[in-house]
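Here is the structure we will look at.
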Amino acid sequence: MQYWLMKSEPDEVSIDDALAAPGGVVPWFGVRNYQARNFMRDAMREGDGVLFYHSSCAEPGIAGIAEVASTAYPDETQFDPGSKYHDPKSTRENPRWLLVDVRALRKTRLMSLPEMRAHPELADMQILRRGNRLSITPVTPAEWRCIIRELE
DNA sequence: GCCAACGTTGGC
DNA sequence: GCCAACGTTGGC
């Protein structure tokens with residue numbers, strides 16, 4: 001059992017959108033970074049805990065709790081010429097990009113970046129590091145417990 | 001819209 | 001394999 005923080009742009013898929021999906025399950029499409037892909041492919045397992053993070057928006061921060069709902073499988077958007085996630089170099093025989101399904105469990109109050117920074121226990125979180133751009137990052141059990149406690 | 005940080009690309 | 005140029009991310 002591991003824990004993760006996953007960024008989503010709420011204009012694209014917000015925690016409300018995910019909760020409104022059938023069973024609260026959404027495919028985490030659009031990851032186009034090898035490190036993030038490898039986390040999904042090599043380390044994520046069904047039932048892993050997920051902090052649902054809203055990025056590139058007015059109020060960036062943790063907005064909900066979710067869980068990993070599948071192992072990795074090919075991201076269909078890479079094959080769709082009409083998608084902004086289309087990758088002409090990827091083939092169905094050898095797909096370059098994968099995704100996992102994520103099940104939204106509940107919406108929380110927003111835990112903002114400044115609030116996260118104010119917690120000494122969270123000081124080492126990857127999301128808080130300068131220049132961090134990775135859309136999927138591991139969260140330690142201690143960080144997870146701290147955040148869950150704060151959001152209760 | 002700015003801009004720092006970082007990943008990717010491609011010429012050599 | 002180096003590295004400059006370029007594109008993207010994402011908070012502010």
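Residue numbering restarts at 1 for every chain, and letters A, B, ... go by the order of the sequence lines.
A salt bridge does not link A/Arg45 to A/Glu67: none of the charged side-chain nitrogens sits closer than 4.0 Å to a carboxylate oxygen. The pair A/Arg37-A/Asp75 does not count as a salt bridge, with every side-chain nitrogen at least 4.0 angstrom from each carboxylate oxygen.
Side chains of A/Tyr85 and A/Asp80: a donor-acceptor N/O pair is absent below 3.5 angstrom, by distance only. Between A/Ser112 and A/Glu115, the side chains place no donor N or O within less than 3.5 Å of an acceptor N or O (distance only, hydrogens not considered).
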Could you encode protein contacts along nucleotides 6-12 of chain C as a string, one character per nucleotide from 5' to 3', using B for base contact, S for sugar-phosphate-only contact and - for no contact, with a heavy-atom cut-off of under 4.0 Å? -BBBBS-
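Side-chain atoms of A/Ser8 come within 3.5 Å of backbone atoms of A/Val13 as a donor-acceptor pair (strictly under, hydrogens ignored).
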